[in-house]
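Working notes, beginning with the structure itself.
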Amino acid sequence: MKALGWRGCWRIARRDLHRGFRGLRLLFICLFLGVATLATIGGLTAAITGEIASKGQVLLGGDVEVAMSQREAGAAEKAAFRREGALSETIRLRAMAQRVGQGAGNGPSAVLTELKGVDGAYPLYGALTLKGGRAGPMRADELVIGQALADRLDVKPGDGLRYGAAAFRIRDIIADEPDRVGEGFTLGPVALTSMEGIRRTGLIQPGSLYESKYRIRLSAGASAGAAAERLKRAFPSAGFEIKDRDGAAPGTSRFLERMGQFLSLIGLAALAIAGIGVSNGVASYLAIKRNGIATLKILGASSADIARIYLMQIGAVALLAIGCGLAAGVVLPLGLVTAMRDILPVQPGFAVAIWPLVTSALYGLLIAFIFTVPPLARARTLPAAALFRETVDRWRGVDRASMIAVGAAGAAALGLALGTAREPWFAAAMLGAVAAMLALLTGIGLLVRHAARRAPAPRRPLARLAVANLHRPGAQTSALVVALGLGLTLFVTLAAIQSSLSAEIRNTVPRTAPDQFVLDIPIAAKDRFLALVGQEAPGAKVNMVPTLRGTIVAYGGQRVADLKQLPEGAWFLRGERGVTYSDALPEGSELVKGQWWPRDYAGPPLVSLDREAAEVMGVGVGDMLTVSVLGREMEARIASLRQVNWETMGFNYIMVFSPNTLRGAPHSLSATITMKGASEGAMARTLLAAFPSISIIAVGDVVAQVTVLLGQMSTAIVLAGSVAILAGIAVLIGAIAASRQARAYDSVILKTLGATRWQILGAQGIEYALLAGVLALVALGLGLAAGWFVIVRIFEFHWAPDWLLVLSTLGAGAVLTLGIGLLGSIPLMSVRPARALRAL
């Protein structure tokens, strides 16, 4: 027989390839899952980040933004801003919107909102659009409101609202606020008025909690980063928070970065798992074709001919699977964007992201090649006689050229993963973790096989047969251990993540949480405020604290602005934070180091710092901390460290100063009210009537917002994790399929010797149960470690898994995987011994 060549090989490959891909369906499913997952993740991430990047100026409201709390910029500062470019000024604060007139609707009479005053230049980029058309200049007695506020108060254009001391007429409903995403998280719906209008309210007073923002539009070609640096150098101690268009929405970007890390973890894990499924699928297919391969070799086909024939078959199916995966990666992001339109921070339009599709296709091709070559090399180099004996005498050799090719493809896949990752070290760590887990499970499989061979034979026949199945010739013990271990680990990981997120949702409203927060209480009205609360709700518990805003600008002898990268976990160094002062240790805190200052302390400024923040910054008692408050830098010595119980939802501050440090600064009071059966609505009406400038936050509304957000995140994580579980199940099916011929051979022999179907199935059930029992603890440890990393290191939540749920899920996963294994064995029971023996 002469060499077939590529054309002859393709003719045989095409005729031999079953129309329904019988034997290669597992290869198709695994590659499709891996490629579709990566393409979908890449496409969705590219769409969102691309939208944020392309609209950075619109989302920020300018090329550069300068923000400050509790004050407006001075004349010199505004002049410096104008030297950089066109300037727009806004003021934003939380305020109570009160409906004017009882006939305006049936909603509540007052709602906490985000009130923003804008000047005539707003917006510098984009357009403020209203339901009635594009917005124009607003008079001082007009405002426009978001649809959410209109629904909450049951009002419409033409109705009246009151903010503080001023009454307004609703001009229209906001259709699109261009810088909404850049404003960050809000506690209530939005209303916009003019700068003159917000000043009419009387809510902007010394000590009031408001934020001034100055957006700058630079000339064409000017560098936003350079302009931001110039302003930082010009006003180093002003306490500004400066952002440029490349960091328009840092909070949103950080969330997307964390979610992207998690999705990348899922994608890489699914890809690695799919690779194992590809290997099992190819091994199973070549086992089915073993007799045909041996026959071709006997007829004179060369090893190269064999390699071409089956490489073409496997390659054709792999290309089809990759193509279908890419098609899914194009369609699914569009569907996800449409389904999650209310969840996503931006609404990207439909666009095919080419690069994620290219990288996903390359990953698919490399994975298919890496996991296809070894079993194909064994079939190619194995002598014809050895092929007929392969069922009971396994040939494990792979030629050097094939190993070199696999190594080169593996290096290319690793280089692609690291080269395309936003965080190469994170990607390397994830790939290393996945590889270590697979190596561990493979090692356990070898140990199980060795232990089964050396263990004393059980007395009961079925148990003895089950143990023998673990080490007999042709046993797929290592593949089954990897498949079962992956499946159980993924079940535990998902259960731990889900239960920890559920605990995070439950802990957002502890039993000790107050009912209301009240902001911007004038200091002079403290006694009157307490009297009104006591009158409306006798026995109510009130906690009042001074409230200011401050920015940590230096610690440990270094300035925050000079740091190239913030320490891990230093969220409190990003912009302004709440600060207060107190004679006594605040509620909800425990002193863990140092001493509290005396009540009449009058020495140099002192500060008490949160213990975790001190550990992140690497400072302790006696070190110096510099904080900018109202544009003035103050250096204070750390007198003590506190353990802050954040879950109480009271007034918990990272920094508490000695009273002599801040008492003279303009500020207001804030209070929490814990009522016993009193009406929150009645309390709000009473307080607003007496203090129009205050803002009241209902804890229940905040908790509802946080609960919805965490619930949406939990759903997204479960859906993403389900992809990896599907890949794990596919691997298990592949491991069972790879061992099917050997098990069919054993089944026929046992039936010939008189064994019943139930006895054979029972022996296999015992075998799978033994493996699941050995792997339970391993899967529990690996799954908990993976869940902890996702919850604590990626999303920075508390680690609080429900152990009963985790263990129950582990048990249910074991039962499910056992069931899949037994279901895969049922077709073997129908093999008739006479027909099978004639086929040998």
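These numbers come from the heavy atoms of this one structure, side chains and all, not from hydrogens, waters or symmetry mates.
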*asked:* Go through it in stages, so that I can follow the logic: the residues are V616 and F572, the test is side chain to side chain contact (heavy atoms under 4.5 Å, CB included), and I'd like the CA-CA distance, side-chain angles, deciding distance and then a yes or no.
replied: CA-CA 10 Å; V616 170; F572 47 85; 4.0 Å; yes
*asked:* Between V629 and M634, does the side chain to side chain contact (heavy atoms under 4.5 Å, CB included) criterion hold? Intermediate values first, please.
replied: CA-CA 7 Å; V629 178; M634 297 180 299; 3.5 Å; yes
*Passes salt bridge (charged side-chain N to carboxylate O under 4.0 Å, His left out), E241 versus K213? Steps please.*
CA-CA 9 Å; E241 182 180 358; K213 289 187 176 181; over 6 Å; no
*Given V66 and L231, is the side chain to side chain contact (heavy atoms under 4.5 Å, CB included) satisfied, shown in steps?*
CA-CA 9 Å; V66 183; L231 293 175; 3.9 Å; yes
_Pair L548-V579, side chain to side chain contact (heavy atoms under 4.5 Å, CB included): steps then yes or no_ = CA-CA 5 Å; L548 298 96; V579 298; 3.7 Å; yes
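Remark: side-chain polar atoms of S208 are not paired, donor with acceptor, to backbone N or O of I204 under 3.5 angstrom. The backbone N or O of L203 sits nowhere less than 3.5 Å from a side-chain atom of S693 that would complete a donor-acceptor pair. No side-chain donor-acceptor contact under 3.5 Å links S219 to the backbone of A222. Using modelled atom types, no side-chain atom of D520 and backbone atom of S695 make a donor-acceptor pair closer than 3.5 Å. When atom types are taken as modelled, the side chain of D172 and the backbone of G132 share a donor-acceptor pair closer than 3.5 angstrom. Q205 places a side-chain N or O within 3.5 Å of a backbone atom of G202 that can act as its donor or acceptor partner. Using modelled atom types, no side-chain atom of R94 and backbone atom of E114 make a donor-acceptor pair closer than 3.5 Å. Side chain of R82 to main chain of L87: no donor-acceptor pair is present (N/O by atom type, distance under 3.5 Å, no hydrogens or angles). Of the possible donor and acceptor atoms, none in the side chain of T201 sits under 3.5 Å from a partner among the backbone N and O of Y163. S360 places no side-chain N or O within 3.5 Å of a backbone atom of L357 that could act as its donor or acceptor partner.
Atom-to-atom distance recorded for I91:CD1 and T193:OG1 is 11.5 Å, nearest 0.5 angstrom. Between F691 atom CZ and M96 atom CE the span is 14.5 Å, to the nearest 0.5 Å. Atom CG of L192 sits about 8.0 Å away from atom CG of L115, to the nearest 0.5 Å. Atom CG of L124 is separated from atom CD of E65 by 11.0 Å, given to the nearest 0.5 angstrom. Residue L112 holds its CG atom at 11.0 Å from CD of Q516, rounded to the nearest 0.5 Å. From I694, atom CD1 reaches atom CZ of F517 across 14.5 Å, with rounding to the nearest 0.5 Å.
Ionic pairing of K116 and E177 is present here: one or more N-O contacts between side-chain nitrogen and carboxylate oxygen are shorter than 4.0 angstrom. Salt bridge annotation for R199-E72: present, with a cationic side-chain nitrogen under 4.0 angstrom from a carboxylate oxygen. At a threshold of 4.0 Å, the pair R549-E211 does not count as salt-bridged, since none of the basic side-chain nitrogens sits closer than that to a carboxylate oxygen. In this structure, R559 does not pair ionically with D562, as no charged nitrogen and carboxylate oxygen lie closer than 4.0 Å.
Applying the salt bridge (Lys or Arg N to Asp or Glu O under 4.0 Å) rule to D141 yields the partners R139; only residues at least two apart in sequence or on another chain are considered.
Residues S668 and I521 form no side-chain contact, since every pair of their non-hydrogen atoms from C-beta on lies 4.5 Å or further apart. Taking the side chain as every heavy atom from C-beta outward, Q70 and L209 approach each other to under 4.5 Å. Side chains of L149 and L161 form a contact here, defined as non-hydrogen atoms less than 4.5 Å apart. Taking the side chain as every heavy atom from C-beta outward, E84 and R230 approach each other to under 4.5 Å. At least one side-chain heavy atom of V111 sits less than 4.5 Å from a side-chain heavy atom of P189. Between M617 and L625 there is a side-chain heavy-atom pair separated by less than 4.5 Å. At least one side-chain heavy atom of L60 sits less than 4.5 Å from a side-chain heavy atom of K243. A heavy-atom distance below 4.5 Å is found between the side chains of K232 and I242.
When all heavy atoms of D63 and A224 are compared, the pair lying nearest together is O-CB, 3.6 Å. Closest approach of P178 and A127 over heavy atoms only: CD-O, 3.6 Å. What you find for P666 and L630 is that their closest heavy atoms are CD-CD1, 3.6 Å. Closest of all the heavy-atom pairs between G325 and A39 is O-CB, 4.3 Å. The shortest non-hydrogen separation linking R200 to A140 is NH1-O, 2.8 Å. L573 approaches P567 most closely through the heavy-atom pair CD1-CD, 4.2 Å.
Between the side chains of T90 and Y214, not a single donor N or O lies within less than 3.5 Å of an accepting N or O. In summary, the side chains of D179 and Y125 do not present any donor paired with an acceptor at a separation below 3.5 Å, with no hydrogens or angles considered. A side-chain donor from one of S88 and D119 sits under 3.5 Å from a side-chain acceptor of the other.
Other residues, nucleotides and ligands place more than 12 heavy atoms under 6.0 Å from the CZ atom of R169.
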